[in-house]
Amino acid sequence: MNALNNMKKAIINYFQYIIFFIVSGILLISSTFSPFNPICMFTDSSVFMYIGKQLGNGLLPYRDLFDHKGPIIYLINYIGSFVPNELGIYIIETVFFMVGIIFCYKMIRLFASKTVSIASSIIAYSSIIKLLEGGNLVEEYALPFMFISLYIFTKYFIKNERINGFGNILIGICCATVFFLRQNMIALWIVFVPAVIIKIFCEKGFKESFKSLVLMGIGFFSVILPFVIFFLLTNTLQPFFDSYFVFNFSYISVNYLEKITAFQFFIKNNLLKVSIFALSILFISSKRKYRLFLIISILYLFLSYYLLSLSGRIYLHYALVLIPPLSIFVGMSFDFFESIVEKFIKNRKLVVASILIISSAFYIYAFKSDYNAIYKILQRQIFSTQCKNTIKDISYYIEKEVLITDKITVVGNFSRIYLVSNSLSASKYFYQFPISEVDNKIAHEYIEDINREKPKYIFLNIEVIESEGYVIRKMMEILENNYKFIMDSDGFLLYKLI
């Protein structure tokens, strides 16, 4: 009988992971790397893929190829480039999704039932459908590291379980990994690490709190130092610093009105509204031991909102970092509802059914404005298939004509042209917008590179020509004097060196 019960439990445990695998597959349909999605690769993703590919050809980010994200995103894309047809990135995305949703479940399971934990983790992750914007983004890869750390923090505050040495080191590793994806995504550690250290200090004194902090530091620098050593050995430390820190400080140097506008945009979220409403109930009704955790989680949520609004730019994928804090509130809300239902219904199956009904109603309201996301994805497939065919037509022409030593340039931000045509950029600034608008020096250096290298082909979109600025003005002079028009494919223009 015991063996039968153990087997039954094992089957149930495996079944929940199968559910998460299926959910990950469904959510990843919105990724442009999915075999089932014909949508054109998005802008940021193609930038990361191009740098990842060129890493294999001996070029280095920051020095040879400019971008301002952390080095880990390029390493991920370099690894993904070993599997052809973009399948490598899709496999990596699937693994990261699975790890993230499993630790989201494990975190919620610390204070809720299995039914609530499964429902809550699926609902929290479902917002990815709208926010993913093609996939292969730094926020997406940060999620599993956030949830791993959040699981450890939740276990400490809810279960009052001591964080052992490995747990402290793991917290540092996760923090450093996210920091080297993008710096402003570390709100979780900014809030929770001091809270943990202060709590340890109050309960066990300075020695134990200092020990925990040192172990976290060891984990943090175990990730950071190998990259720093690599930058020193390749003479790229200064370019890295200039791109990742100096440039990014300029990137967020916008007026407060733009930051407030961005904050207001991201805070218009039904999931957030429902969560905040539930929080007020939770705070009054929750067990006393939960309240400190709730206060810290609220600080974490609003710091996340502040940091993602710093640039003043409104990109939906920025909001992916809100999934971990919101998942806490979704899980606790459902746990609260379950406790109420159990007072009136003694049959466990009816309780489970009630929770599923409540969670479905919650889901419908929280994501009612997001249902169009799936429809828009399907609607864009016609355009995106045309986009892919247009790029393939031009890229096929370039690939036939360009020798391996020849270089091209793509004016604007269409890095996928380099990937599809298997071509090398004539400038380290293989895309120019919006980076040249942040730093005027980039625009001048790019034009200098083009005048010096004289790329065999110049590719640009008609929308780029209609914009104003130094790059476009100088590029039109270069085209008029040194290039001939080759083809126009649905607004994508190709010019060849005379």
Side-chain angles (χ1 to χ4, degrees), residues 41 43-82 88-89 136 138 180-183 224 226-248 250-251 395 398-399 402-459 471 475 478 497:
M41 189 191 306
T43 302
D44 284 2
S45 180
S46 59
V47 168
F48 305 148
M49 276 202 74
Y50 177 68
I51 294 178
K53 182 180 178 181
Q54 295 308 322
L55 269 170
N57 294 328
L59 297 182
L60 295 174
Y62 312 117
R63 185 190 69 187
D64 303 320
L65 301 164
F66 180 88
D67 192 39
H68 55 103
K69 295 298 190 296
I72 289 176
I73 187 66
Y74 313 130
L75 182 60
I76 289 171
N77 279 261
Y78 171 67
I79 294 169
S81 68
F82 285 99
I89 297 296
N136 191 32
V138 291
F180 260 17
L181 281 165
R182 202 182 69 217
Q183 310 102 311
I224 300 295
F227 284 100
V228 172
I229 291 168
F230 175 80
F231 293 143
L232 287 170
L233 292 175
T234 55
N235 294 318
T236 54
L237 185 60
Q238 189 62 49
F240 161 73
F241 184 83
D242 291 342
S243 302
Y244 196 51
F245 293 103
V246 177
F247 179 87
N248 277 328
S250 299
Y251 194 74
S395 298
I398 295 173
E399 196 171 15
V402 177
L403 300 174
I404 197 163
T405 54
D406 291 331
K407 295 180 180 180
I408 70 167
T409 191
V410 180
V411 184
N413 200 336
F414 301 96
S415 302
R416 52 190 174 267
I417 294 293
Y418 300 110
L419 294 165
V420 180
S421 65
N422 198 30
S423 299
L424 187 63
S425 171
S427 171
K428 68 181 286 185
Y429 303 108
F430 58 98
Y431 72 99
Q432 307 83 44
F433 302 111
I435 57 172
S436 62
E437 297 167 351
V438 176
D439 186 351
N440 290 329
K441 185 180 72 174
I442 290 173
H444 290 83
E445 288 184 11
Y446 170 68
I447 294 299
E448 289 173 9
D449 289 343
I450 300 308
N451 282 323
R452 182 180 64 255
E453 295 291 336
K454 293 184 171 49
K456 187 170 183 179
Y457 286 97
I458 293 179
F459 170 93
V471 169
M475 186 56 67
I478 291 170
L497 183 66

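Bear in mind the structure is a predicted one, so any value in this text is a computation, not a measurement.
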Contacts of F48 that satisfy ring-ring contact (aromatic ring centres under 6.0 Å, His included) - sequence neighbours left out: none

Y251/H68 aromatic ring centres below 6.0 Å: yes

Y446 side chain to T409 side chain, donor-acceptor N/O pair below 3.5 angstrom: yes

Worked check of side chain to side chain donor-acceptor pair (under 3.5 Å) between E448 and N451: CA-CA 5 Å; E448 289 173 9; N451 282 323; over 6 Å; no

Side chains of S243 and F66 in contact at under 4.5 Å (non-hydrogen atoms): yes

T43 versus R416, closest heavy-atom pair with distance: N-NH1, 4.4 Å

Parallel, tilted or perpendicular: rings of F180 and F240 (30°, 60°): perpendicular

Sub-4.5 Å side-chain heavy-atom contact between S415 and V410: no

Distance, nearest 0.5 Å, that separates CD1 of I51 from CG of N77: 8.5 Å

Within-4.5 Å side-chain heavy-atom neighbours: F245 and Q183: yes

Sub-6.0 Å ring centroid separation between Y50 and F430: yes

Pairwise distance CG(D44) to CG(D67) - rounded to 0.5 angstrom: 7.5 Å

Sub-4.5 Å side-chain heavy-atom contact between P434 and N413: yes

Centroid separation F414 to Y431 less than 6.0 Å: no

Minimum heavy-atom distance K428-D449, with the two atoms named: N-OD2, 4.0 Å

For L419 against S46, the heavy-atom pair lying closest together: CD1-O, 3.7 Å

Approximate separation, where rounding is to 0.5 Å, of T236 OG1 and D242 CG: 11.5 Å

Gap between atom NZ of K53 and atom CZ of F82 - 0.5 Å precision: 13.0 Å

Donor on one side chain, acceptor on other, S427 and S425, under 3.5 Å: no

Heavy-atom pair of closest approach, residues L55 and L60: CD2-CD2, 4.2 Å

pair L424-I408: side-chain heavy atoms closer than 4.5 Å: no

Side chains of I458 and M475 in contact at under 4.5 Å (non-hydrogen atoms): yes

Close side-chain approach of Y74 to L65, heavy-atom, < 4.5 Å: no

Distance-only side-chain donor-acceptor flag, K69 / N248, under 3.5 Å: no

Min side-chain heavy-atom separation F230-P71 under 4.5 Å: no

